[in-house]
Amino acid sequence: MSDQTANEQGPTYDFRALEAKWQQVWEDTQPFTVTPGDDSTPRKYILDMFPYPSGDLHMGHAEVYALGDVLARYWRLRGFSVLHPIGWDSFGLPAENAAIKRGVNPRDWTYGNIAQQRASMVRYAASFDWSRVLHTSDPEYYRWNQWLFLKMYERGLAYRKDSWVNWDPVDQTVLANEQVLPDGTSDRSGAMVVKKKLTQWYFKITDYADRLLDDLNQLEGRWPQKVLTMQRNWIGRSFGADVDFHIENHPAPVTVFTTRPDTLFGATFMVVAPESDLARELADGSSDEVKKAFDDYLVKVHKTSEIDRQDHSREKTGVFLDRWAINPANGERIPVWAADYVLADYGTGAIMAVPAHDQRDLDFAKAFDLPIRVVVDTTAAMTGVIPVISDDVDHETLDDLDPATTGVALPGQGRMVNSGPLDGLSKDNAIARMIDLLEEAGTGRAAKTYRLRDWLISRQRYWGTPIPIVYGEDGEEIPVPEDQLPVTLPDGDDLDLTPKGTSPLGGATNWVKADLDGKTVRRDTDTMDTFVDSSWYFLRFLSPHDDTQAFDPKEVEKWAPVDQYVGGVEHAILHLLYARFITKVLFDMGYLSFTEPFTSLLNQGMVILDGAKMSKSKGNVVYFSDELDSYGVDAVRLSMAFAGPPEDDIDWRDVSPVGSQKFLARAWRVSGDVSSAPGVSVHNGNEELRRHVHRFLHDVPGLVESFKFNVVVARLMELVNHTRKAIDQGPGGSDPAVREAAEAVAIGLSMFAPHTAEEMWERLGHEPSVAHATWPTADTSLIVDETVVAIVQINGKVRAKLDVSPTIGEEQLRAMAMDDPQVASHIDGKKIAHLVVRPPKVVSIQLA
RNA sequence: GCCCCGGUAGCCCAAUCGGCAGAGGCAGGCGACUUAAAAUCGUCACAGUCGGGGUUCGAGUCCCCGCCGGGGCACCA
């Protein structure tokens with residue numbers, strides 16, 4: 001009672017005062033700067049995805065940096081030396097667009113936003129090592145981007161080619177395949193992407209397709225399943241065969257890729273992609289009428305939007321090239337068509353069409369009256385290698401299923417027919433047999449192909465890393481020597497940044513014209529995709545000020561790979577795939593000893609409002625700084641952790657920052673009610689409360705490590721409730737167990753609410769900082785209950801509850817159950833049909 | 001169309017091995033304190049786990065079939 005009176009008259013929880021006080025302390029002490037330290041101290045590298053500096057931080061950032069900080073602070077409490085750096089992904093289009101719109105220099109806009117975001121992060125009490133900040137737009141950083149490019153170039157992994165590319169007509173630049181959304185629009189501008197033929201720089205990521213796919217297995221269980229699936233889909237490997245088709249009056253054979261070499265006898269025509277060079281050649285070698293028809297068709301194809309092209313229900317179109325191929329399986333002459341359902345950049349850009357067993361080919365065959373030949377009898381059920389005709393009396397016959405009449409292709413399993421040496425075989429055996437036959441004949445071979453394409457890295461924009469290549473008088477590529485890096489960006493003030501289809505750097509005439517070893521050369525005027533910047537930044541954090549190398553191998557050896565990566569699922573493909581690729585490349589070059597950059601990945605969900613993504617145009621935006629002003633940093637951070645599982649979206653409408661604030665005040669009040677001295681022996685403390693404390697200490701590490709932050713917060717609340725009860729209704733604030741509990745709360749809370757936790761820690765008589773406290777070891781003797789409740793079920797209904805020792809034996813528990821009067825009355829002489837005894841939890845009795 | 005993830009109280013969410021459905025919070029009821037209110041403290045109620053089958057002594061948990069919601073892939077040969 002007296003304690004309560006003291007509370008009412010005592011100080012009140014004032015989050016603004018606490019923030020001011022502790023911010024000052026942290027600014028003075030910089031508690032999270034990582035010092036080299038003892039080599040025996042275990043290390044953790046906890047990395048949050050670095051932000052793009054567009055305006056101030058938003059609620060999404062508030063979530064990542066709250067959750068990442070929980071992990072960083074947790075591992076510090078566990079005695080690890082924790083590296084938790086931050087920087088800015090500060091090259092990119094928005095800076096240029098802002099520059100065009102408002103007439104400011106992209107550099108000024110970018111660095112102004114960085115200053116604002118940095119101040120917000122400091123205010124948010126994210127425990128970053130501020131001595132390692134990097135910005136990808138600093139020449140000290142992008143110099144190493146250029147170095148990376150040159151290394152890739154040396155290995156033939158950076159190359160230039162002329163190809164059909166994705167062109168964003170609004171931003172006036174090319175895009176990577178990964179930046180084109182499924183509906184055919186640009187993920188940046190939202191404009192419908194068009195195809196344009198341009199000479200561009202690529203990174204040869206397809207060389208790494210197998211490793212990028214296979215190494216995902218190592219990440220199983222450590223990365224979200226969803227991300228692994230998305231990456232697997234994106235790489236999209238399919239196994240099959242390459243088959244060479246001779247074409248009459250055409251010098252070289254044409255190779256097609258197929259996943260169904262077993263159906264080669266059913267290939268009745270060939271289709272080539274209209275945009276392919278092959279189609280051009282074949283048309284040019286044909287009659288004038290065909291050439292004209294092809295040209296007209298090509299024009300039509302170019303006018304068709306990506307989105308229409310992907311519509312399955314669209315009528316098949318195409319043009320016969322009046323050329324003939326020879327089916328290598330049976331020597332038949334088959335017609336060659338050009339049709340836009342075949343893509344130029346997948347496989348070889350040409351297919352063998354098997355209309356009976358492929359719906360697309362069938363649709364085409366029916367549209368143009370081409371022959372259809374069944375080569376797989378899908379009515380034959382296959383058992384192992386022997387085809388067996390199904391015993392079903394009323395099974396459909398092959399005649400009923402004839403694709404030519406039904407219009408439905410038969411892609412399934414079955415027994416080979418009309419296929420010469422393959423007749424009678426099952427699908428899998430036929431595939432293997434056909435590959436053998438092709439290899440023997442030298443007209444085909446086993447092959448695999450991928451959905452993944454090479455990574456187009458050129459961008460016709462200003463605010464990015466200049467590509468470190470110059471061109472000599474004859475246009476020859478000359479890499480800029482390493483010792484002449486960085487190739488710095490010219491000042492943007494005098495440049496016309498308006499999108500016009502060519503790089504603004506082309507306008508910097510003094511910059512473009514350069515001197516290389518006495519030769520006059522022209523610089524490449526494109527800049528790199530900013531995903532290059534972020535594909536290796538986690539390495540730069542390890543030696544951010546090293547001006548002799550991109551990263552220091554000794555530091556890399558110490559810290560890398562990243563133990564825990566935290567960020568949004570929107571980067572599930574792009575950034576993560578590129579970072580994995582570059583890591584493997586650097587491994588192959590001997591710079592790294594590991595092949596996967598991020599050992600464990602946590603994807604947080606989005607912060608939404610009223611079930612919808614926040615957006616200024618919809619007017620449903622919650623502002624980060626407003627929330628901090630209203631509820632305080634600790635309450636917002638705590639709310640982020642408590643709202644639910646991290647990977648779920650948080651609807652801010654369902655979140656009560658006021659509730660968090662009340663809880664923090666309640667926890668803080670507990671620290672004021674502790675009246676024992678620091679260091680008091682806890683052994684004689686109230687045992688019931690101590691049990692709660694030690695169960696908490698025991699359970700929380702496992703919960704944090706499995707990212708169940710919401711449960712940890714619930715456990716903190718529970719512990720505070722028990723402590724409150726012990727103070728008011730139990731042994732009172734002088735009991736040592738109350739101190740033990742309050743200290744556990746302060747330490748636990750330091751992961752979520754650093755200001756409140758520091759204040760509690762100080763009120764409890766400790767020196768700052770609680771962030772450097774040690775997670776107390778749980779006393780296991782206090783975790784095991786003296787008695788537990790065992791239930792006795794009779795015919796599935798609970799009929800008795802017994803207080804038993806947790807170590808009770810089966811015999812003993814059975815005896816206790818039988819002796820129980822309630823149980824005895826229910827049995828009442830009836831026969832027991834079944835008895836299950838599972839000490840110490842349950843006795844289940846079935847009566848006859 | 002194919003592949004993943006989810007569905008527990010009015011709401012957000014817990015529930016190691018299958019073992020009494022509830023840890024925590026929001027919103028709500030009641031009480032104490034107060035002239036009153038806020039704050040604080042205490043206390044209470046509320047679901048049988050989306051539907052249907054199955055396995056089991058026992059299912060929120062495992063299996064099958066649906067429904068609903070979210071996500072990914074999709075003319076990829």
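Only a predicted model underlies this, so the values are computations on that prediction, with no experimental measurement involved.
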### Task
Go through residues 833-842 of chain A and report each residue with a non-hydrogen atom lying under 4.0 Å from RNA chain B, sorted by number.
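Here the set is A:His834, A:Val836, A:Arg838, A:Lys841, A:Val842.
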
### Message
Let's see if you get this right: which residues in residues 693-708 of chain A place a heavy atom under 4.0 Å from RNA chain B?
### Response
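Heavy-atom cutoff 4.0 Å gives A:Lys708.
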
### Task
Please check if any side-chain donor atom of A:Trp652 sits under 3.5 Å from a side-chain acceptor atom of A:Glu627, or the reverse.
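A donor-acceptor contact under 3.5 Å links the two side chains.
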
[N] - base-pair partner by Watson-Crick or wobble geometry, distances under 3.5 Å:
N     : value
B:C75 : none
B:C41 : B:G31
B:G18 : none
B:G10 : B:C26
B:G58 : none
B:G51 : B:C65

Answer with base, sugar-phosphate or nothing: what part of the nucleic acid does [X] contact at a heavy-atom distance below 4.0 Å?
X        : answer
A:Val789 : base
A:Asn795 : nothing
A:Ser660 : nothing
A:Lys662 : sugar-phosphate

Which nucleotide sits closest to the side chain of [X]: [options]?
X        : options             : value
A:Asp728 : B:G58, B:C41, B:G24 : B:C41
A:Tyr346 : B:G24, B:U40, B:A77 : B:A77
A:Pro645 : B:A14, B:G25, B:C26 : B:A14
A:Ile791 : B:C20, B:A23, B:A77 : B:C20
A:Thr259 : B:C57, B:A77, B:C20 : B:A77
A:Lys725 : B:G24, B:U43, B:C75 : B:U43
A:Arg314 : B:C75, B:C41, B:C73 : B:C75

Can you tell me how far [atom2] of [N] sits from [atom1] of [X], to the nearest Å?
X        : N     : atom1 : atom2 : result
A:Gln846 : B:C57 : CD    : P     : 8 Å
A:Asp358 : B:A77 : CG    : P     : 9 Å
A:Leu577 : B:C73 : CG    : P     : 13 Å
A:Ile650 : B:G70 : CD1   : P     : 19 Å
A:Asp345 : B:C76 : CG    : C1'   : 10 Å
A:Phe709 : B:C13 : CZ    : P     : 16 Å
A:Arg724 : B:U43 : CZ    : P     : 12 Å
A:Ile608 : B:G70 : CD1   : C1'   : 11 Å

Show which side-chain atoms of residues 831-848 of chain A pair as donor or acceptor with protein atoms under 3.5 Å away, not counting sequence neighbours.
none

Indicate yes or no: does [X] engage [Y] in a salt bridge with an N to O separation below 4.0 Å.
X        : Y        : result
A:Arg653 : A:Asp610 : yes
A:Arg16  : A:Asp14  : no
A:Arg715 : A:Glu718 : yes
A:Arg724 : A:Asp728 : yes

Whole-angstrom distance between [N] and [M], as gauged at atom [atom1]:
N     : M     : atom1 : answer
B:A21 : B:C33 : C1'   : 36 Å
B:G66 : B:C30 : P     : 49 Å
B:C26 : B:C73 : C1'   : 38 Å

### Task
For B:C4, measure the glycosidic angle (O4'-C1'-N9-C4 for a purine, O4'-C1'-N1-C2 for a pyrimidine) and name it syn if it falls within 90° of 0, otherwise anti.
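Base orientation relative to the sugar is anti.
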
### Task
Taking syn as within 90° of 0 and anti otherwise, name the glycosidic form of B:G72.
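Base orientation: anti.
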
Listed pairs, N/O of protein and of nucleotides 3-12 of chain B, under 3.5 Å:
from	atom 1	to	atom 2	distance (Å)
B:C12	O2'	A:Ala643	O	2.9

### Query
Does the base of B:G42 carry an N or O that pairs as donor and acceptor with the side chain of A:Gln729 under 3.5 Å?
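Per atom types, no contact qualifies.
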
With a 4.0 Å limit, can you tell me whether [X] has a side-chain N or O closer than that to the phosphate oxygens OP1/OP2 of [N]?
X        : N     : result
A:Arg232 : B:C73 : no
A:Ser844 : B:G19 : no
A:Arg360 : B:G1  : no

### Message
So which atom in A:Ala325 and which in A:Phe245 form the shortest heavy-atom distance, rounded to 0.1 Å?
### Response
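Between these two residues, the closest heavy atoms are CB-CD2, 4.3 Å.
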
### Task
Locate the shortest heavy-atom distance separating A:Leu278 from A:Ala350; write the atom from each residue and the value.
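What the structure gives for the nearest pair is CD2-CB, 4.2 Å.
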
N/O donor-acceptor pair under 3.5 Å between [X] side chain and [Y] backbone:
X        : Y        : result
A:Asp634 : A:Thr756 : yes
A:Thr263 : A:Gly266 : no
A:Asn620 : A:Lys613 : yes
A:His357 : A:Leu410 : yes

### Task
Take A:Ile845 and A:Asn710, find for each the nucleotide of RNA chain B with the closest heavy atom, and name the residue whose nucleotide sits nearer the 5' end.
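In this pair, the answer is A:Asn710.
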
### Task
Between A:Arg666 and A:Gln793, name the one whose nearest nucleotide on RNA chain B is closer to the 5' end.
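By nearest-heavy-atom nucleotide position, the 5'-most residue is A:Gln793.
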
Side-chain donor-acceptor pairs of residues 635-642 of chain A under 3.5 Å, sequence neighbours excluded:
from	atom 1	to	atom 2	distance (Å)
A:Arg637	NE	A:Phe752	O	3.0
A:Arg637	NH1	A:Asp69	OD2	3.1
A:Arg637	NH1	A:Tyr124	O	2.9
A:Arg637	NH1	A:Ala125	O	2.9
A:Arg637	NH2	A:Asp69	OD2	2.9
A:Arg637	NH2	A:Met751	O	3.4
A:Ser639	OG	A:Ala635	O	2.7
A:Ser639	OG	A:Ser660	OG	2.8

Pair up each side-chain donor or acceptor in residues 235-244 of chain A with any protein partner under 3.5 Å, not counting sequence neighbours, and list the distances.
from	atom 1	to	atom 2	distance (Å)
A:Arg237	NH1	A:Asp210	OD1	2.5
A:Arg237	NH2	A:Asp214	OD1	2.9
A:Ser238	OG	A:Tyr346	OH	3.1
A:Asp244	OD1	A:Thr255	OG1	2.8
A:Asp244	OD1	A:Arg445	NH2	3.3
A:Asp244	OD2	A:Arg445	NH2	2.5

### Message
Let's go through A:Trp337 and A:Phe368 carefully: what are the C-alpha distance in whole Å and the side-chain angles of both, what is the deciding distance for ring-ring contact (aromatic ring centres under 6.0 Å, His included) to 0.1 Å, and is it a yes or a no?
### Response
CA-CA 10 Å; A:Trp337 288 65; A:Phe368 294 99; 4.7 Å; yes

